[in-house]
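Read through the structure below, which is laid out as structure tokens, and then see the notes.
Within every chain, numbering begins at 1; the chains are lettered A, B, ... in the order of the sequence lines, protein sequences first and strands thereafter.
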2 protein chains.
Amino acid sequence: MPLTTDQTQPVFRALADPTRRAIIMLLADRDLPVGDIAARFEMTRPAVAKHLAVLKSADLIHVSQAGRERINQLNPAALKAATDWLAWFDRFWDDRLAALKSAVEKDT
Amino acid sequence: MPLTTDQTQPVFRALADPTRRAIIMLLADRDLPVGDIAARFEMTRPAVAKHLAVLKSADLIHVSQAGRERINQLNPAALKAATDWLAWFDRFWDDRLAALKSAVEKDT
DNA sequence: TTGACATGACACCGAAAGGTTTCCTATAAG
DNA sequence: CTTATAGGAAACCTTTCGGTGTCATGTCAA
């Protein structure tokens with residue numbers, strides 16, 4: 001059974017939206033304020049701000065105030081909750097492959 | 001940049017719901033018909049059937065008819081789309097850790 | 001053939017999600 | 001000081017989501 005920490009739900013929920021995954025990719029490259037992020041998407045700043053709020057509530061980004069700007073920084077460590085959950089199935093996937101392989105070998 | 005295949009969106013969307021993740025765990029143990037799955041959750045069969053439809057549209061399960069039953073089988077390979085996307089950030093996460101480590105060492 | 005059982009398929013609902021517009025506040029810059 | 005800029009916050013709208021109840025259909029068992 002995959003480990004399901006408290007973090008699992010908010011992280012998977014955050015990852016479900018393509019815009020949010022795109023924002024994560026952007027922030028992997030460099031820290032950015034809300035305005036700069038919004039400029040790269042075909043949607044308004046408040047819409048992007050909402051996505052950032054979701055990411056923040058999953059602890060996927062950290063925000064720091066710098067003058068009148070608020071810099072958003074990716075926290076890749078928070079992705080671990082999702083990675084760990086999925087990792088359990090990697091093993092299962094391997095098992096299936098092994099089973100298939102042995103079945104095939106037995107058949108030959 | 002993480003690889004984003006056609007499969008990425010449906011898979012992450014499917015994983016966003018806790019009930020669907022629970023169903024995935026169940027099916028990892030053994031193949032089951034809709035009714036048996038529904039019996040393990042506090043919701044009606046049609047609700048579970050909808051979740052299965054979402055999982056199926058992400059190719060996370062395969063369905064086979066057996067008499068009047070429809071057996072749902074997990075297809076763990078479909079999780080690869082999500083795993084691959086996340087894998088890119090594992091690298092990034094390591095980089096950050098290394099940077100932090102060297103910063104700390106420099107400081108001492 | 002007659003029920004009982006397993007599902008699919010709808011229609012319908014309330015809540016949450018994703019967006020937009022509008023307005024307000026705080027900091028930077030002339 | 002005054003104005004432009006960055007961003008928070010609230011009100012509102014439409015669509016999707018997660019669920020329910022109901023009904024029709026195909027299959028298994030007496």
Side-chain angles (χ1 to χ4, degrees), chain A residues 4 6-27 30-75 82, chain B residues 4 6-27 30-75 82:
Chain A
T4 299
D6 302 341
Q7 302 268 45
T8 308
Q9 180 51 28
V11 170
F12 271 119
R13 185 192 166 299
L15 292 175
D17 187 276
T19 300
R20 284 193 292 266
R21 290 199 305 279
I23 290 175
I24 288 176
M25 295 183 220
L26 251 187
L27 294 181
R30 71 178 94 106
D31 304 344
L32 289 171
V34 191
D36 287 22
I37 300 174
R40 315 207 181 195
F41 293 91
E42 302 218 323
M43 69 181 69
T44 60
R45 178 182 55 74
V48 171
K50 282 192 186 179
H51 283 304
L52 289 173
V54 173
L55 291 169
K56 187 162 184 297
S57 73
D59 198 37
L60 280 162
I61 60 175
H62 292 162
V63 185
S64 58
Q65 191 94 30
R68 64 180 162 183
E69 289 188 339
R70 292 166 66 84
I71 309 299
N72 297 278
Q73 177 177 29
L74 181 65
N75 172 31
Chain B
T4 299
D6 302 340
Q7 302 268 44
T8 309
Q9 179 52 27
V11 170
F12 270 120
R13 184 193 166 304
L15 292 174
D17 186 275
T19 299
R20 284 193 291 265
R21 289 198 306 278
I23 291 175
I24 288 175
M25 294 184 221
L26 251 187
L27 295 180
R30 71 179 92 108
D31 303 344
L32 290 171
V34 191
D36 287 22
I37 300 174
R40 315 209 180 192
F41 293 91
E42 303 217 324
M43 69 181 68
T44 60
R45 179 184 53 76
V48 171
K50 281 193 186 179
H51 283 305
L52 289 173
V54 173
L55 291 170
K56 186 162 184 297
S57 74
D59 197 38
L60 280 163
I61 60 175
H62 292 162
V63 185
S64 59
Q65 191 95 30
R68 64 182 162 182
E69 289 188 339
R70 292 168 65 85
I71 309 300
N72 298 279
Q73 177 176 29
L74 181 65
N75 172 31

Length of the [atom1]-[atom2] vector between [X] and [N], whole Å:
X	N	atom1	atom2	result
A:Phe41	C:dT20	CZ	P	13 Å
A:Ile37	C:dG19	CD1	C1'	17 Å
B:Lys56	C:dT7	NZ	P	15 Å

Could you tell me from which nucleotide to which nucleotide of DNA chain D, 5' to 3', there is an atom under 4.0 Å from chain A heavy atoms? D:dA4 to D:dA9

Cut-off 3.5 Å, no hydrogens considered: what does the side-chain donor-acceptor table look like for residues 43-57 of chain A, sequence neighbours left out?
residue, atom, partner, partner atom, Å
A:His51, ND1, A:Arg20, NH1, 3.1
A:Ser57, OG, A:Val54, O, 2.8

Quick check on contacts: within residues 65-72 of chain A, what sits under 4.0 Å from DNA chain D by heavy-atom distance? A:Arg68, A:Glu69, A:Arg70

Tell me which residues in residues 43-52 of chain B put a heavy atom below 4.0 Å from DNA chain D, sorted by number, or none. B:Met43, B:Thr44, B:Pro46, B:Ala47, B:Lys50, B:His51

Non-hydrogen atoms of [X] and [Y] that approach each other most closely:
X	Y	value
B:Arg13	A:Ala16	CA-CB, 4.3 Å
A:Val11	A:Ala82	CG1-CB, 3.9 Å
A:Asp17	A:Thr19	OD1-N, 2.8 Å

Evaluate the side-chain proximity of A:Leu27 to A:Ile37: yes if any heavy-atom separation is below 4.5 Å, no if none is. yes

Only one of A:Asp31, A:Ile23, A:Leu26, A:Val34 clears side-chain contact (heavy atoms from CB on, under 4.5 Å) with A:Asn72; which? A:Val34

If the condition is side-chain hydrogen bond (donor to acceptor under 3.5 Å, both in side chains), which residues does B:Asp36 pass it with, not counting sequence neighbours? none

Sorted by position of nearest nucleotide on DNA chain C, 5' first, the leading residue of B:Val63 and A:Arg13 is B:Val63

Is A:Asn75 reaching over with its side chain to a backbone N or O of A:His62, donor-acceptor style, under 3.5 angstrom? no

Nearest 0.5 angstrom please: A:Gln7 CD to A:Leu60 CG, how far? 8.5 Å

Do any side-chain atoms of residues 63-71 of chain B form donor-acceptor pairs under 3.5 angstrom with protein atoms, and if so which ones, sequence neighbours left out?
residue, atom, partner, partner atom, Å
B:Gln65, OE1, B:Arg70, NH1, 2.9
B:Gln65, NE2, B:Gly67, O, 3.4

